[in-house]
Q: 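For reference, the structure I am asking about is given below.
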Amino acid sequence: AEIVGGDCGFTATGFTILVGPENVERLRRNVARLRSLGVETSVLGPAELREVVPALQAEGVAAAAYEPISGYA
């Protein structure tokens, strides 16, 4: 609020990006890079992802990046 002069209208939604087996290592590297910059993100396996999004059809999903406090303004 101090920087933009008031409420910017941020809405927390969380964020996930899903990848198949061929992109798991790239995802892990990207998450590590983001974490080094201070982003609250982690890599989840299919079982952990279903805990976050129970209705998700995770067939073919090998991993996901998950940012619980992401959103938009």
Q: Testing the basics here: between Ala64 and Leu27, what is the closest heavy-atom pair and its distance to 0.1 Å?
A: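 The pair with the smallest heavy-atom distance is C-CD2, 3.7 Å.
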Q: With side chains defined as the heavy atoms from C-beta onward, is the minimum distance between Val39 and Val31 less than 4.5 Å?
A: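 No. Closest side-chain heavy atoms not under 4.5 Å.
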Q: Return the set of residues passing side chain to side chain contact (heavy atoms under 4.5 Å, CB included) with Ser36 (not counting sequence neighbours), or none when no residue passes.
A: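 Checked Ser36 against side chain to side chain contact (heavy atoms under 4.5 Å, CB included); zero matches.
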Q: Taking all atoms of both residues into account, what is the closest heavy-atom pair of Gly20 and Ala62, and its distance?
A: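 Heavy-atom minimum between the residues: C-CB, 3.6 Å.
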Q: Would you say CD of Glu22 has more than 12 non-hydrogen atoms from neighbouring residues, nucleotides or ligands within 6.0 angstrom?
A: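 Yes, because the 6.0 Å sphere around CD of Glu22 holds more than 12 heavy atoms from other groups.
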Q: Counting only N and O atoms by type, is there a donor-acceptor contact under 3.5 Å from the side chain of Glu48 to the main-chain atoms of Gly45?
A: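 The answer is yes, because a donor-acceptor pair under 3.5 Å joins these two groups.
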Q: Quick one, Thr41 and Tyr66 - any side-chain contact, counting heavy atoms below 4.5 Å?
A: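 With C-beta onward as the side chain, the pair stays apart.
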Q: Restricting to non-hydrogen atoms, name the atom on Val61 and the atom on Pro46 that form the minimum distance, rounded to 0.1 Å.
A: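 Where Val61 meets Pro46 most closely, the heavy atoms are O-CG, 3.2 Å.
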Q: Do Thr16 and Leu49 make a side-chain contact, defined as non-hydrogen atoms from C-beta onward lying under 4.5 Å apart?
A: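 Heavy-atom side-chain distance check passes, below 4.5 Å.
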Q: To check you understand the geometry: which heavy-atom pair defines the closest contact between Cys8 and Ala73, and what is its length?
A: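 It is O-CB, 3.8 Å.
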Q: Please check if the number of heavy atoms outside Tyr72 that lie under 6.0 Å from its OH is greater than 12.
A: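 No.
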Q: Considering residues at least two apart in sequence or located in another chain, which fulfil the side-chain hydrogen bond (donor to acceptor under 3.5 Å, both in side chains) criterion with Arg35?
A: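 Arg35 satisfies side-chain hydrogen bond (donor to acceptor under 3.5 Å, both in side chains) with no other residue.
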Q: Tell me whether Ile17 shares a hydrophobic cluster with Leu44, the cluster being built from Ile, Leu, Val, Met, Phe, Trp, Tyr side chains joined at under 4.5 Å.
A: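 No, because Ile17 and Leu44 fall into different hydrophobic clusters, even though each may have its own neighbours under 4.5 Å.
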Q: Run through the side-chain heavy atoms of Ile, Leu, Val, Met, Phe, Trp and Tyr, join any pair under 4.5 Å, and report what else lands in Leu37's cluster.
A: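 None; Leu37 is a cluster of one.
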Q: Compare every heavy atom of Val43 with every heavy atom of Arg28, then report the nearest pair and how far apart it is.
A: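 Heavy atoms only, the tightest pair is NH1-CG1, 3.6 Å.
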Q: What are the two closest heavy atoms between Gly60 and Pro21, and how far apart are they?
A: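 Here Gly60 and Pro21 meet closest at O-CD, 3.9 Å.
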